[in-house]
Asks: 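Please see the structure below; I have some questions.
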Number of protein chains: 2
Amino acid sequence: MKHYSISEASAKLTIPESTIRYYEKKGLLPLIERDEAGRRLFSDDQIMFLQIIIYLKNTNMPISRIKQYVDWVVEGDGTIDLRLDLFIKHKQTVLDDMALMTEALKAMDKKIERYTNRIQSSKQGKEEK
Amino acid sequence: MKHYSISEASAKLTIPESTIRYYEKKGLLPLIERDEAGRRLFSDDQIMFLQIIIYLKNTNMPISRIKQYVDWVVEGDGTIDLRLDLFIKHKQTVLDDMALMTEALKAMDKKIERYTNRIQSSKQGKEEK
DNA sequence: GGTTGACTTAAACCATGGTTTAACACGTAT
DNA sequence: ATACGTGTTAAACCATGGTTTAAGTCAACC
């Protein structure tokens, strides 16, 4: 199992190194090994774990809540029901957000249509001159 | 055409009054009338305009960009093509965001499934004792 | 042996999007 | 006339999520 440096992890996940360090400082990346010189070493598992965190971040889960999840993971099997609940609740939050966005998209489509029509008719106005 | 007080507008759009004032200060609500005592009066049109702003906010358009849109609206018909372009681009941004969220949802669904299975089998383990 | 490049840290800084506070003004019901 | 509810303002404050800076270590190449 290969290990990645922070720059490799950064490249693989397309996320700045500064963000990875920030996440670790916030407690989102426990158990990361270091080499003799103190450099972070990311295993494949840890890359995957970070990917999950990025998914949660991409769906606007606050860092404090991600931290809660991470703590539960560290705590072990006794917290599986809590984690399941967290994912189920978060999924619903995301679906609600997307519903809001879809509603906004509908309004934007109307705007786009109306503006397109106005531009069309103003062009016609010119042609008819 | 009736006019609404800030509290009525707030209730109608389910958004805090403080936010409405904040938006006005940021220039997102030009042309709002005031009564003799200096209180804001919102027409139906302005309520609808604010609703659009809320849609843009709900889809994570930064206030600076919303301001740009508002300025173009104030400027008049000469900016219709710019506004159309803004909406088309923003729509794509929103679709991209939703794609990211959908991808995250897929990962969450896998987690939910795995956790559910683990909980199931741990229950079975108990029963078999 | 000295510079380069990749890494480390803690702490300061920044942008965003509001919310809260303090101090004050108005109109109406008691 | 006074107290209440509702409004006003500017400015301070807050949370979130990073990014940047300053100061330093280490290994390796030239």
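Chain naming here is simple, since letters A, B, ... match the order of the sequence lines and numbering starts at 1 in each.
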Asks: Nearest-Å distance, CZ (A:Arg21) to C1' (C:dA11)?
Replies: 15 Å

Asks: Would you indicate which nucleotide in C:dT19, D:dG7, D:dT19 comes nearest to any side-chain atom of A:Tyr22?
Replies: D:dT19

Asks: How close or far is atom P of C:dT20 from atom CD of B:Glu17, stated in whole angstroms?
Replies: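 In whole Å, C:dT20 P and B:Glu17 CD are 12 Å from each other.
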
Asks: Heavy atoms under 4.0 Å, any strand shown: does A:Lys57 hit a base, just sugar-phosphate, or nothing?
Replies: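 Sugar-phosphate contact only.
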
Asks: A:Lys25 NZ to D:dT21 P: how many Å, rounded?
Replies: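 About 15 Å, once rounded to whole Å.
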
Asks: Should the pair A:Glu113-B:Lys91 be classified as a salt bridge under the 4.0 Å nitrogen-to-oxygen rule?
Replies: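 Here A:Glu113 does not pair with B:Lys91 in a salt bridge, since their nearest N and O are not under 4.0 Å apart.
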
Asks: Counting only side-chain heavy atoms from C-beta out, which of D:dT19, C:dG18, D:dG7 sits nearest to B:Ser7?
Replies: D:dG7

Asks: Which part of the nucleic acid, if any, lies within contact of B:Arg40, taking any heavy atom under 4.0 Å across all strands shown: a base, the sugar-phosphate backbone alone, or nothing?
Replies: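 B:Arg40: backbone/sugar contact only, no base atoms under 4.0 Å.
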
Asks: In whole angstrom, give the distance that lies between atom CD1 of B:Ile20 and atom P of C:dT19.
Replies: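 It is 11 Å, rounded to the nearest whole Å.
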
Asks: Check whether any side-chain nitrogen or oxygen of B:Arg39 sits under 4.0 Å from OP1 or OP2 of D:dG5, and answer yes or no.
Replies: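 False: B:Arg39 side-chain N/O out of range (4.0 Å or more) of D:dG5 OP1/OP2.
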
Asks: Expressed as a whole number of angstroms, how long is the span from A:Lys26:NZ to C:dA11:P?
Replies: 13 Å

Asks: Does A:Tyr23 make a side-chain N or O approach to OP1 or OP2 of D:dG18 shorter than 4.0 Å?
Replies: yes

Asks: Which whole-number value in Å describes the distance from B:Met61 CE to C:dT16 P?
Replies: 14 Å

Asks: Would you call A:Glu17-A:Arg21 a salt bridge at under 4.0 Å N-O?
Replies: yes

Asks: Between B:Ser122 (side chain) and B:Ile119 (backbone), is there a donor-acceptor pair under 3.5 Å?
Replies: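 Yes.
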
Asks: Contact class for A:Ser5 vs. all strands (heavy atom < 4.0 Å): base, sugar-phosphate, or nothing?
Replies: sugar-phosphate

Asks: When you measure from the side chain of A:Pro16, which nucleotide among D:dT19, C:dG18, C:dT20 comes out closest?
Replies: D:dT19

Asks: In whole Å, I'd like the distance from the CD1 atom of B:Ile54 to the P atom of C:dG17.
Replies: 15 Å

Asks: Would you call B:Asp77-A:Arg118 a salt bridge at under 4.0 Å N-O?
Replies: yes

Asks: Touch check for A:Arg34, heavy atoms < 4.0 angstrom, all strands: base, sugar-phosphate only, or nothing?
Replies: sugar-phosphate

Asks: As a test of understanding, state which of A:Met108, A:Glu103, A:Lys111 forms a side-chain contact (heavy atoms from CB on, under 4.5 Å) with B:Tyr55.
Replies: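 Considering A:Met108, A:Glu103, A:Lys111, a side-chain contact (heavy atoms from CB on, under 4.5 Å) with B:Tyr55 is found only for A:Glu103.
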
Asks: Grab the CD1-C1' distance between B:Ile53 and C:dG18 for me, whole Å please.
Replies: 15 Å

Asks: Would you say C:dG17 has OP1 or OP2 under 4.0 Å from some side-chain N or O of B:Thr19?
Replies: no

Asks: Hey, which of these two, B:Ile63 or B:Ala37, hits DNA chain C nearer its 5' end, going by closest nucleotide?
Replies: B:Ile63

